[in-house]
Number of protein chains: 2
Amino acid sequence: MLDKTDMRILEELTNNSRITMKELGEKVHLTGQAASERVVKLENSGVIEGYTIDLNQTKLGYAIYAFITIFTQSANHQPYLSFIKSQEPYIIHNYKISGEGCYLLECRFPSNEALNDFLIALNEHANYKLSIVIDK
Amino acid sequence: MLDKTDMRILEELTNNSRITMKELGEKVHLTGQAASERVVKLENSGVIEGYTIDLNQTKLGYAIYAFITIFTQSANHQPYLSFIKSQEPYIIHNYKISGEGCYLLECRFPSNEALNDFLIALNEHANYKLSIVIDK
DNA sequence: CTATTTGACTTAATTAATGAAAGGATTTTA
DNA sequence: TAAAATCCTTTCATTAATTAAGTCAAATAG
(Lines give C-alpha, C1' and ligand atoms only; values in the text may rest on other atoms or scores of the structure.)
Protein backbone atom coordinates (compact mmCIF):
# COMPACT_ATOMS: atom_id res chain seq x y z
CA MET A 1 0.00 0.00 0.00
CA LEU A 2 2.81 2.46 0.84
CA ASP A 3 5.64 2.43 -1.65
CA LYS A 4 9.18 3.77 -1.36
CA THR A 5 8.18 7.22 -2.58
CA ASP A 6 5.48 7.47 0.07
CA MET A 7 8.03 6.56 2.73
CA ARG A 8 10.41 9.23 1.46
CA ILE A 9 7.59 11.77 1.52
CA LEU A 10 6.81 10.88 5.13
CA GLU A 11 10.49 11.21 5.98
CA GLU A 12 10.74 14.65 4.40
CA LEU A 13 7.55 15.85 6.09
CA THR A 14 8.79 14.52 9.42
CA ASN A 15 11.92 16.64 8.98
CA ASN A 16 10.02 19.69 7.75
CA SER A 17 6.28 19.67 7.44
CA ARG A 18 6.21 23.22 6.07
CA ILE A 19 8.15 22.33 2.94
CA THR A 20 6.36 23.41 -0.25
CA MET A 21 4.84 20.68 -2.41
CA LYS A 22 7.13 21.83 -5.20
CA GLU A 23 10.27 21.30 -3.10
CA LEU A 24 8.90 18.03 -1.74
CA GLY A 25 8.32 16.92 -5.30
CA GLU A 26 11.89 17.76 -6.26
CA LYS A 27 13.24 15.73 -3.36
CA VAL A 28 11.31 12.61 -4.38
CA HIS A 29 11.58 13.17 -8.15
CA LEU A 30 7.99 14.14 -8.82
CA THR A 31 6.24 17.32 -9.85
CA GLY A 32 4.73 19.38 -7.06
CA GLN A 33 1.27 18.32 -8.15
CA ALA A 34 2.06 14.62 -8.02
CA ALA A 35 3.67 15.01 -4.59
CA SER A 36 0.64 16.93 -3.40
CA GLU A 37 -1.72 14.19 -4.61
CA ARG A 38 0.25 11.58 -2.71
CA VAL A 39 0.19 13.69 0.44
CA VAL A 40 -3.59 14.10 0.18
CA LYS A 41 -3.91 10.32 -0.07
CA LEU A 42 -1.68 9.84 2.96
CA GLU A 43 -3.90 12.27 4.87
CA ASN A 44 -7.16 10.64 3.77
CA SER A 45 -5.92 7.15 4.56
CA GLY A 46 -5.03 8.33 8.07
CA VAL A 47 -1.30 7.62 7.83
CA ILE A 48 -0.64 11.32 8.34
CA GLU A 49 -2.69 12.28 11.40
CA GLY A 50 -1.70 15.93 11.48
CA TYR A 51 0.89 18.64 11.07
CA THR A 52 2.53 20.02 14.18
CA ILE A 53 5.61 21.70 15.64
CA ASP A 54 8.43 20.74 17.97
CA LEU A 55 8.66 23.19 20.84
CA ASN A 56 11.55 23.93 23.14
CA GLN A 57 9.89 23.35 26.50
CA THR A 58 12.67 25.07 28.42
CA LYS A 59 12.34 28.24 26.35
CA LEU A 60 8.58 28.08 26.87
CA GLY A 61 9.21 28.26 30.59
CA TYR A 62 8.96 24.55 31.38
CA ALA A 63 12.33 23.71 32.92
CA ILE A 64 11.31 20.23 34.06
CA TYR A 65 10.34 17.39 31.73
CA ALA A 66 9.24 14.15 33.35
CA PHE A 67 7.60 10.76 33.00
CA ILE A 68 5.45 9.60 35.88
CA THR A 69 4.33 5.99 36.22
CA ILE A 70 0.88 5.93 37.80
CA PHE A 71 -0.50 3.29 40.15
CA THR A 72 -4.16 4.10 40.74
CA GLN A 73 -5.41 3.40 44.26
CA SER A 74 -8.91 2.31 43.33
CA ALA A 75 -10.22 0.16 40.51
CA ASN A 76 -12.24 3.17 39.34
CA HIS A 77 -9.90 5.31 37.28
CA GLN A 78 -12.33 8.18 36.75
CA PRO A 79 -11.16 10.37 39.64
CA TYR A 80 -7.59 10.10 38.40
CA LEU A 81 -8.59 10.78 34.77
CA SER A 82 -10.64 13.82 35.79
CA PHE A 83 -7.72 15.12 37.82
CA ILE A 84 -5.38 14.75 34.84
CA LYS A 85 -7.78 16.65 32.61
CA SER A 86 -7.75 19.53 35.08
CA GLN A 87 -3.95 19.83 34.91
CA GLU A 88 -3.91 21.09 31.32
CA PRO A 89 -0.61 22.86 30.76
CA TYR A 90 1.46 20.27 32.60
CA ILE A 91 0.26 17.13 30.82
CA ILE A 92 1.63 16.25 27.39
CA HIS A 93 0.38 12.64 27.12
CA ASN A 94 -1.36 10.19 29.39
CA TYR A 95 -0.57 6.72 28.04
CA LYS A 96 -2.62 3.79 29.23
CA ILE A 97 -0.16 0.95 29.61
CA SER A 98 0.17 -2.66 30.44
CA GLY A 99 3.16 -3.61 32.54
CA GLU A 100 4.26 -1.67 35.58
CA GLY A 101 1.51 0.73 36.58
CA CYS A 102 -1.74 1.69 34.88
CA TYR A 103 -0.67 4.86 33.11
CA LEU A 104 2.48 6.61 32.02
CA LEU A 105 2.28 10.40 32.21
CA GLU A 106 4.48 12.49 29.99
CA CYS A 107 4.54 15.96 31.50
CA ARG A 108 6.35 19.24 32.07
CA PHE A 109 6.58 21.81 34.84
CA PRO A 110 7.94 25.33 35.17
CA SER A 111 9.64 24.62 38.51
CA ASN A 112 10.27 22.07 41.22
CA GLU A 113 7.65 23.87 43.25
CA ALA A 114 4.99 23.34 40.56
CA LEU A 115 6.04 19.70 40.25
CA ASN A 116 5.82 19.26 44.00
CA ASP A 117 2.35 20.79 44.16
CA PHE A 118 1.26 18.55 41.30
CA LEU A 119 2.60 15.43 43.01
CA ILE A 120 0.84 16.30 46.26
CA ALA A 121 -2.46 16.70 44.39
CA LEU A 122 -1.81 13.56 42.33
CA ASN A 123 -1.29 11.57 45.51
CA GLU A 124 -4.96 12.04 46.35
CA HIS A 125 -5.76 9.66 43.51
CA ALA A 126 -2.72 7.55 42.79
CA ASN A 127 0.71 6.40 43.78
CA TYR A 128 3.53 7.12 41.39
CA LYS A 129 7.14 6.71 40.38
CA LEU A 130 8.85 9.82 39.05
CA SER A 131 11.45 9.86 36.25
CA ILE A 132 12.88 13.24 35.35
CA VAL A 133 14.30 13.61 31.84
CA ILE A 134 17.92 14.73 31.86
CA ASP A 135 18.59 14.62 28.14
CA LYS A 136 17.05 14.15 24.74
CA MET B 1 9.37 37.78 26.06
CA LEU B 2 6.47 35.74 24.68
CA ASP B 3 3.16 37.57 24.72
CA LYS B 4 -0.36 36.25 24.43
CA THR B 5 -0.33 36.50 20.63
CA ASP B 6 2.84 34.40 20.46
CA MET B 7 1.20 31.77 22.63
CA ARG B 8 -1.83 31.70 20.37
CA ILE B 9 0.41 31.37 17.33
CA LEU B 10 2.18 28.40 18.93
CA GLU B 11 -1.18 26.87 19.74
CA GLU B 12 -2.40 27.23 16.17
CA LEU B 13 0.83 25.84 14.72
CA THR B 14 0.68 22.92 17.15
CA ASN B 15 -2.78 22.13 15.78
CA ASN B 16 -1.81 22.66 12.17
CA SER B 17 1.70 23.60 11.20
CA ARG B 18 0.82 23.80 7.51
CA ILE B 19 -1.62 26.66 7.97
CA THR B 20 -0.86 29.62 5.69
CA MET B 21 0.53 32.76 7.29
CA LYS B 22 -2.52 34.59 6.01
CA GLU B 23 -4.92 32.25 7.82
CA LEU B 24 -2.73 32.23 10.92
CA GLY B 25 -2.84 36.02 10.90
CA GLU B 26 -6.62 36.00 10.69
CA LYS B 27 -6.84 33.69 13.68
CA VAL B 28 -4.71 35.95 15.87
CA HIS B 29 -5.95 39.26 14.43
CA LEU B 30 -2.83 40.22 12.50
CA THR B 31 -1.97 40.51 8.84
CA GLY B 32 -0.26 37.52 7.28
CA GLN B 33 2.99 39.45 7.15
CA ALA B 34 2.92 40.36 10.84
CA ALA B 35 2.14 36.75 11.77
CA SER B 36 4.95 35.56 9.53
CA GLU B 37 7.41 37.95 11.21
CA ARG B 38 6.46 36.64 14.62
CA VAL B 39 6.89 33.05 13.46
CA VAL B 40 10.36 33.84 12.11
CA LYS B 41 11.28 35.31 15.50
CA LEU B 42 9.97 32.24 17.29
CA GLU B 43 12.10 30.09 14.98
CA ASN B 44 15.23 32.21 15.43
CA SER B 45 14.87 32.32 19.20
CA GLY B 46 14.64 28.52 19.23
CA VAL B 47 11.16 28.32 20.74
CA ILE B 48 9.99 26.57 17.58
CA GLU B 49 12.49 23.77 17.02
CA GLY B 50 10.94 22.37 13.88
CA TYR B 51 7.89 21.47 11.84
CA THR B 52 6.83 17.86 11.79
CA ILE B 53 3.93 15.42 11.34
CA ASP B 54 1.96 13.06 13.54
CA LEU B 55 2.00 9.58 12.05
CA ASN B 56 -0.35 6.67 12.68
CA GLN B 57 2.17 4.02 13.72
CA THR B 58 -0.34 1.21 13.30
CA LYS B 59 -1.07 2.18 9.70
CA LEU B 60 2.66 2.42 9.11
CA GLY B 61 2.94 -1.21 10.08
CA TYR B 62 4.02 -0.74 13.71
CA ALA B 63 1.30 -2.48 15.70
CA ILE B 64 3.15 -2.27 19.02
CA TYR B 65 4.02 0.96 20.81
CA ALA B 66 6.02 0.64 24.01
CA PHE B 67 8.08 2.31 26.69
CA ILE B 68 11.02 0.37 28.05
CA THR B 69 12.80 1.39 31.24
CA ILE B 70 16.47 0.54 30.91
CA PHE B 71 18.83 -0.59 33.67
CA THR B 72 22.32 -0.76 32.20
CA GLN B 73 24.45 -3.58 33.50
CA SER B 74 27.79 -1.80 33.45
CA ALA B 75 28.73 1.76 34.39
CA ASN B 76 29.87 2.24 30.79
CA HIS B 77 26.77 3.08 28.79
CA GLN B 78 28.48 3.11 25.40
CA PRO B 79 27.66 -0.48 24.39
CA TYR B 80 24.01 0.14 25.16
CA LEU B 81 23.98 3.48 23.32
CA SER B 82 25.63 1.93 20.27
CA PHE B 83 23.12 -0.87 20.29
CA ILE B 84 20.23 1.61 20.40
CA LYS B 85 21.68 3.51 17.46
CA SER B 86 21.73 0.30 15.43
CA GLN B 87 18.02 -0.30 16.01
CA GLU B 88 16.90 2.66 13.87
CA PRO B 89 13.31 2.04 12.86
CA TYR B 90 12.22 0.76 16.25
CA ILE B 91 13.48 3.63 18.42
CA ILE B 92 11.53 6.87 18.64
CA HIS B 93 13.28 8.47 21.64
CA ASN B 94 15.91 7.43 24.13
CA TYR B 95 15.42 9.64 27.19
CA LYS B 96 18.17 9.80 29.76
CA ILE B 97 16.41 9.92 33.09
CA SER B 98 16.94 10.21 36.79
CA GLY B 99 14.73 8.01 38.95
CA GLU B 100 14.06 4.39 38.21
CA GLY B 101 16.50 3.19 35.57
CA CYS B 102 19.05 5.05 33.46
CA TYR B 103 17.04 5.52 30.27
CA LEU B 104 13.46 5.42 29.10
CA LEU B 105 13.06 4.10 25.58
CA GLU B 106 10.04 5.13 23.52
CA CYS B 107 9.75 2.62 20.72
CA ARG B 108 7.59 0.74 18.23
CA PHE B 109 7.57 -2.70 16.64
CA PRO B 110 5.74 -4.35 13.78
CA SER B 111 5.03 -7.53 15.74
CA ASN B 112 5.53 -9.37 19.00
CA GLU B 113 8.20 -11.37 17.25
CA ALA B 114 10.19 -8.24 16.38
CA LEU B 115 9.75 -6.98 19.93
CA ASN B 116 10.92 -10.30 21.31
CA ASP B 117 14.01 -10.33 19.09
CA PHE B 118 14.77 -6.78 20.16
CA LEU B 119 14.43 -7.61 23.86
CA ILE B 120 16.73 -10.61 23.50
CA ALA B 121 19.37 -8.43 21.84
CA LEU B 122 18.82 -5.62 24.36
CA ASN B 123 19.40 -8.04 27.19
CA GLU B 124 23.04 -8.34 26.14
CA HIS B 125 23.55 -4.80 27.39
CA ALA B 126 20.84 -4.01 29.89
CA ASN B 127 17.97 -5.16 32.05
CA TYR B 128 14.60 -3.65 31.39
CA LYS B 129 10.96 -3.21 32.36
CA LEU B 130 8.50 -3.25 29.50
CA SER B 131 5.34 -1.11 29.34
CA ILE B 132 3.16 -1.57 26.28
CA VAL B 133 0.91 1.33 25.33
CA ILE B 134 -2.76 0.34 25.14
CA ASP B 135 -4.25 3.72 24.38
CA LYS B 136 -3.50 7.31 23.52
C1' DC C 1 -6.62 -10.21 -28.56
C1' DT C 2 -8.62 -5.82 -28.45
C1' DA C 3 -11.22 -2.28 -25.96
C1' DT C 4 -12.01 -0.08 -21.68
C1' DT C 5 -10.96 1.28 -17.30
C1' DT C 6 -7.98 2.73 -13.80
C1' DG C 7 -4.12 4.91 -11.49
C1' DA C 8 -0.33 7.84 -11.48
C1' DC C 9 1.62 11.30 -13.49
C1' DT C 10 2.42 15.86 -16.36
C1' DT C 11 1.23 20.31 -18.41
C1' DA C 12 -1.15 24.63 -18.49
C1' DA C 13 -3.91 28.32 -16.65
C1' DT C 14 -5.99 30.52 -12.83
C1' DT C 15 -6.04 31.77 -8.12
C1' DA C 16 -3.76 32.50 -3.83
C1' DA C 17 0.23 33.07 -0.78
C1' DT C 18 4.79 34.69 0.10
C1' DG C 19 8.51 38.05 0.41
C1' DA C 20 10.50 42.62 -0.08
C1' DA C 21 10.18 47.46 0.37
C1' DA C 22 8.27 51.62 2.17
C1' DG C 23 6.00 53.88 5.60
C1' DG C 24 2.78 54.90 9.86
C1' DA C 25 1.95 54.74 14.84
C1' DT C 26 3.39 53.98 19.42
C1' DT C 27 6.69 53.16 22.94
C1' DT C 28 11.61 53.56 24.66
C1' DT C 29 15.66 55.80 25.36
C1' DA C 30 18.83 59.71 25.52
C1' DT D 1 11.87 67.12 22.79
C1' DA D 2 14.20 64.43 19.50
C1' DA D 3 15.93 60.07 17.93
C1' DA D 4 15.58 55.25 17.78
C1' DA D 5 13.31 51.05 18.01
C1' DT D 6 9.39 48.05 17.69
C1' DC D 7 5.47 46.39 15.63
C1' DC D 8 2.41 46.67 12.44
C1' DT D 9 0.11 47.73 7.61
C1' DT D 10 -0.08 48.43 2.62
C1' DT D 11 1.46 47.54 -1.95
C1' DC D 12 3.48 45.00 -5.57
C1' DA D 13 6.40 41.57 -7.78
C1' DT D 14 7.46 36.78 -7.39
C1' DT D 15 6.41 32.19 -6.36
C1' DA D 16 3.44 28.32 -5.12
C1' DA D 17 -1.06 25.94 -4.87
C1' DT D 18 -5.14 24.55 -7.09
C1' DT D 19 -7.99 23.06 -10.74
C1' DA D 20 -8.81 21.04 -15.11
C1' DA D 21 -7.43 18.61 -19.07
C1' DG D 22 -4.75 15.30 -21.09
C1' DT D 23 -0.86 11.46 -21.52
C1' DC D 24 0.72 6.97 -20.69
C1' DA D 25 1.09 2.32 -19.03
C1' DA D 26 -0.79 -1.46 -16.63
C1' DA D 27 -4.78 -4.06 -15.23
C1' DT D 28 -9.36 -5.81 -16.37
C1' DA D 29 -13.28 -7.24 -19.11
C1' DG D 30 -15.59 -8.68 -23.18
Side-chain angles (χ1 to χ4, degrees), chain A residues 1-63 88-89 92 108 110-111, chain B residues 1-63 88-90 92 108 110-111 114:
Chain A
M1 186 178 177
L2 295 187
D3 65 14
K4 214 144 193 170
T5 302
D6 288 322
M7 295 306 291
R8 293 205 39 214
I9 285 174
L10 294 178
E11 217 174 280
E12 292 298 337
L13 288 177
T14 298
N15 289 335
N16 176 17
S17 64
R18 273 195 76 86
I19 193 174
T20 66
M21 287 303 112
K22 195 185 176 197
E23 273 183 280
L24 178 60
E26 280 163 15
K27 282 182 188 276
V28 303
H29 307 300
L30 289 177
T31 59
Q33 289 81 343
S36 177
E37 279 171 31
R38 276 175 179 261
V39 169
V40 167
K41 277 181 195 167
L42 289 166
E43 290 167 359
N44 292 340
S45 69
V47 173
I48 294 176
E49 294 185 333
Y51 298 90
T52 188
I53 52 177
D54 285 335
L55 289 171
N56 184 314
Q57 300 293 345
T58 304
K59 291 190 176 167
L60 267 180
Y62 295 100
E88 262 297 3
I92 296 167
R108 60 184 188 180
S111 64
Chain B
M1 187 179 177
L2 296 188
D3 66 13
K4 214 144 193 172
T5 303
D6 288 321
M7 294 308 290
R8 294 205 38 212
I9 286 174
L10 294 178
E11 217 173 280
E12 292 298 336
L13 289 176
T14 298
N15 289 335
N16 176 16
S17 63
R18 274 194 77 84
I19 193 173
T20 66
M21 288 303 112
K22 195 186 176 195
E23 274 184 279
L24 179 59
E26 280 163 15
K27 281 180 190 276
V28 302
H29 307 300
L30 289 176
T31 58
Q33 289 79 347
S36 176
E37 279 170 29
R38 276 175 180 261
V39 169
V40 167
K41 276 181 196 167
L42 288 167
E43 290 168 359
N44 292 340
S45 67
V47 173
I48 294 176
E49 293 184 334
Y51 298 90
T52 188
I53 52 177
D54 285 334
L55 289 171
N56 184 315
Q57 299 295 342
T58 304
K59 291 189 176 167
L60 267 178
Y62 295 100
E88 263 296 3
Y90 299 155
I92 296 167
R108 60 183 188 181
S111 64

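Naming convention: chains lettered A, B, ... in sequence-line order (proteins, then strands); numbering from 1 in each chain.
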In this structure, how many angstroms lie between the [atom2] atom of [N] and the [atom1] atom of [X], rounded?
{"X": "A/N44", "N": "C/dA8", "atom1": "CG", "atom2": "P", "result": "13 Å"}
{"X": "B/L30", "N": "D/dC7", "atom1": "CG", "atom2": "P", "result": "12 Å"}
{"X": "A/L24", "N": "D/dA16", "atom1": "CG", "atom2": "C1'", "result": "13 Å"}

Option passing salt bridge (Lys or Arg N to Asp or Glu O under 4.0 Å) with A/D3 (candidates A/R8, A/R38, A/K41): A/R38

Shortest non-hydrogen contact from B/S45 toward B/M1: CB-CE, 4.1 Å

Nearest atoms (heavy-atom pairs only) where A/I53 meets B/L10: CD1-O, 3.7 Å

Side chain of B/T31 - closest among D/dC7, C/dT10, D/dT9: D/dT9

Short side-chain N/O contact to C/dA8 OP1/OP2 from A/K41, under 4.0 Å: yes

Main-chain N/O of A/T14 paired with A/S17 side-chain donor or acceptor, under 3.5 Å: no

Short side-chain to backbone donor-acceptor contact, A/R108 and A/T58, under 3.5 Å: no

Could you pull out the protein-nucleic contacts involving nucleotides 17-21 of chain C (nitrogen or oxygen on both sides, under 3.5 Å)?
unit_1	atom_1	unit_2	atom_2	d
C/dA17	OP2	B/K22	NZ	2.9
C/dT18	OP1	B/M21	N	3.2
C/dT18	OP2	B/M21	N	3.2
C/dT18	OP2	B/K22	N	3.3
C/dG19	O6	B/Q33	NE2	3.1

Sole residue of A/L42, A/I48, A/V47 in side-chain contact (heavy atoms from CB on, under 4.5 Å) with A/I9: A/L42

